[in-house]
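Chain A is the first sequence line, chain B the second, and so forth, proteins listed ahead of strands; every chain is numbered from 1.
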Number of protein chains: 2
Amino acid sequence: MSPRGELQNERMRAEAVEKITAAALSVFAEYGYAGATMKRIAERAGLSYGLVYHYFPSKADVFRSLVDFALESTIAGMQMILNQPGTAWERLERWSEVLIPNALAGASSRYFLIMLQAMTQARTVPGLLEHINERTAVYFQALAPVIREAQQAGDAVDGDPEVLATAFLSFLQGLALFVFHREELAKSVTPEMLMSVLRKR
Amino acid sequence: MSPRGELQNERMRAEAVEKITAAALSVFAEYGYAGATMKRIAERAGLSYGLVYHYFPSKADVFRSLVDFALESTIAGMQMILNQPGTAWERLERWSEVLIPNALAGASSRYFLIMLQAMTQARTVPGLLEHINERTAVYFQALAPVIREAQQAGDAVDGDPEVLATAFLSFLQGLALFVFHREELAKSVTPEMLMSVLRKR
DNA sequence: GTCTATACACTGATAGAC
DNA sequence: GTCTATCAGTGTATAGAC
């Protein structure tokens with residue numbers, strides 16, 4: 001029997017981590033941080049209990065990695081869209097059109113749930129709250145100037161751009177929550193409704 | 001020593017239940033259902049561990065009583081305001097003006113957090129999810145006709161009234177979430193912003 | 001790299017004294 | 001009515017075999 005190549009090992013590891021991450025995503029979204037168990041994550045991943053600890057030092061670290069991915073990928077997506085050409089209002093509209101399906105359907109909707117779980121009950125995870133506050137600040141830093149630009153163009157309603165950004169993001173997170181309980185209704189909410197928070201009357 | 005009167009006993013019980021409820025409200029809001037412990041609730045109430053179980057059969061029951069109070073009191077408040085005289089739009093505005101401060105400040109803001117916790121991670125509490133879905137249906141049943149009336153009067157935007165109600169309530173719940181992380185910003189959100197979701201353009 | 005078995009701490013709930 | 005002590009169950013994390 002020839003020894004496994006380093007490349008093959010790397011692939012096995014990547015696959016295991018992938019399985020654990022996917023399972024953890026669904027378990028945390030469903031049960032919350034405290035309610036989720038490592039046993040359940042291992043089962044849903046189809047791996048043994050011990051192996052999860054081979055790849056992640058602790059339950060908190062599994063959760064942190066999910067939160068980080070959720071934060072970084074949405075931030076990257078936002079910045080990409082907001083930096084494209086077009087008027088400020090058009091760029092905000094384009095972002096909404098991406099955001100709404102993401103928050104309400106598909107795999108990425110789970111990440112919105114994870115963020116919700118993290119924000120509501122991750123006080124027990126050391127440093128997580130600070131990290132979230134730090135990274136979500138980026139949303140405001142990126143959004144506020146665009147909103148201000150839209151105000152100057154006469155498209156967006158008057159008011160503190162950061163407050164408007166807060167309203168916008170709150171609305172979005174709230175929608176992700178309602179998908180669980182009123183799925184059909186929540187999925188009928190349109191990007192236009194989200195934009196109505198910012199639109200000049 | 002004269003025996004305690006029945007009246008005095010009743011008062012002691014009411015006081016203990018009050019203390020437990022207040023403590024549980026803050027602990028559940030802070031840690032979530034699974035993360036909260038009966039020990040912590042007893043400590044925060046300033047009572048012994050055993051006494052909590054003397055008044056509540058289980059942790060789930062403590063939580064359920066909070067969720068129930070949150071649901072029933074907001075439903076009662078909503079129905080009272082929506083049944084007052086005035087145009088449909090005026091009544092919706094009046095409700096928003098009550099809702100925003102409630103969701104964002106004071107003791108009742110905690111109840112919004114409890115509802116959030118219940119909706120995100122109360123799968124483990126038997127029957128709770130069904131109960132929530134049942135009772136929140138009342139919101140839609142009460143809101144939809146008023147929104148439809150406002151549409152006919154030309155004040156509210158077109159679209160399925162239930163979907164609009166979903167957007168409205170999602171926004172509100174999302175705001176309650178952001179109070180924890182961006183308190184000053186969230187508190188600057190106005191009833192007018194909430195109403196913009198429904199307003200005809 | 002993957003697994004099973006186990007140590008150790010914590011939590012929900014109960015029993016029984018005062 | 002209020003308390004302390006305790007039981008049974010569960011959960012995180014680790015050890016060590018293959």
### Message
Looking only at the side chain of Leu51(A) (C-beta and beyond, no hydrogens), which of the listed nucleotides dC3(C), dG12(C), dA13(D) gets closest?
### Response
dC3(C)
### Query
Counting only distance, no hydrogens or angles, is the base of dG11(D) paired donor-acceptor with the side chain of Tyr49(A) under 3.5 Å?
no
### Query
Is the number of heavy atoms from other residues, nucleotides or ligands within 6.0 Å of CZ (Arg11(B)) greater than 12?
no
### Task
Please report, rounded to the nearest Å, how far the P atom of dC10(C) is from the CD atom of Glu43(B).
13 Å
### Query
Roughly how far apart are Ile81(B) CD1 and Leu92(B) CG, rounded to 0.5 Å?
10.5 Å
### Query
For the pair made of NZ in Lys39(B) and C1' in dT10(D), what is the distance, rounded to whole Å?
17 Å
#### Entry: Interatomic distance where OH belongs to Tyr31(A) and P belongs to dT10(D) [whole Å]
15 Å
### Pair Asp68(A), Ser65(A): side-chain N/O donor-acceptor within cut-off below 3.5 Å
no
### Query
On DNA chain D, nearest-nucleotide positions of Arg13(B) versus Gly50(B): which is more 5'?
Arg13(B)
### Axis bend over the full length of the helix from dG1(C)-dC18(D) to dC18(C)-dG1(D), computed from five pairs that close each end, to 10 degrees
0°
### Task
Could you check whether Ala34(A) gets within reach of a base, just the sugar-phosphate, or nothing at all, counting any heavy atom under 4.0 Å?
nothing
### Message
Whether the Gln84(B) and Arg94(B) side chains hold a donor-acceptor pair (N or O, under 3.5 Å, no angle test) is what I'd like checked.
### Response
yes
### Query
Which word best sums up how the rings of Phe63(A) and Tyr33(A) line up, parallel for under 30°, tilted for 30 to 60°, or perpendicular for over 60°?
tilted
#### Entry: Under 4.0 angstrom between Tyr53(A) side-chain N/O and dA13(D) OP1 or OP2
yes
### Message
Mind checking if Phe56(A) touches a base, just sugar-phosphate, or nothing, with heavy atoms under 4.0 Å?
### Response
nothing
### Query
Looking at Tyr55(A), is Arg13(A) sitting on its ring face, NZ or CZ under 6.0 Å from the six-membered ring centre and within 45 degrees of the normal?
no
### Task
Mind checking Ala36(B) for me? I need base, sugar-phosphate or nothing, with any heavy atom below 4.0 Å counting as a touch.
sugar-phosphate
### Query
Looking across every strand, which nucleic acid part, if any, lies under 4.0 Å from Ser48(B) by heavy atom: base, sugar-phosphate, or nothing?
base
### Message
Side chain of Leu47(A), heavy atoms from C-beta onward: which of dG12(C), dT12(D), dC3(C) has the nearest atom to it?
### Response
dC3(C)
#### Entry: Closest listed nucleotide, where the reference is the side chain of Tyr55(A) and the choices are dT2(D), dG1(C), dA13(D)
dG1(C)
### Summary
Separation of dT11(C) atom P from Arg40(B) atom CZ, nearest Å, is 8 Å
### Task
Taking atom types as modelled, find out whether Arg44(A) and Ser26(A) have a side-chain donor-acceptor pair closer than 3.5 angstrom.
yes
### Task
Kindly say if His54(B) contacts the phosphate of dT2(D), meaning a side-chain N or O under 4.0 Å from OP1 or OP2.
no
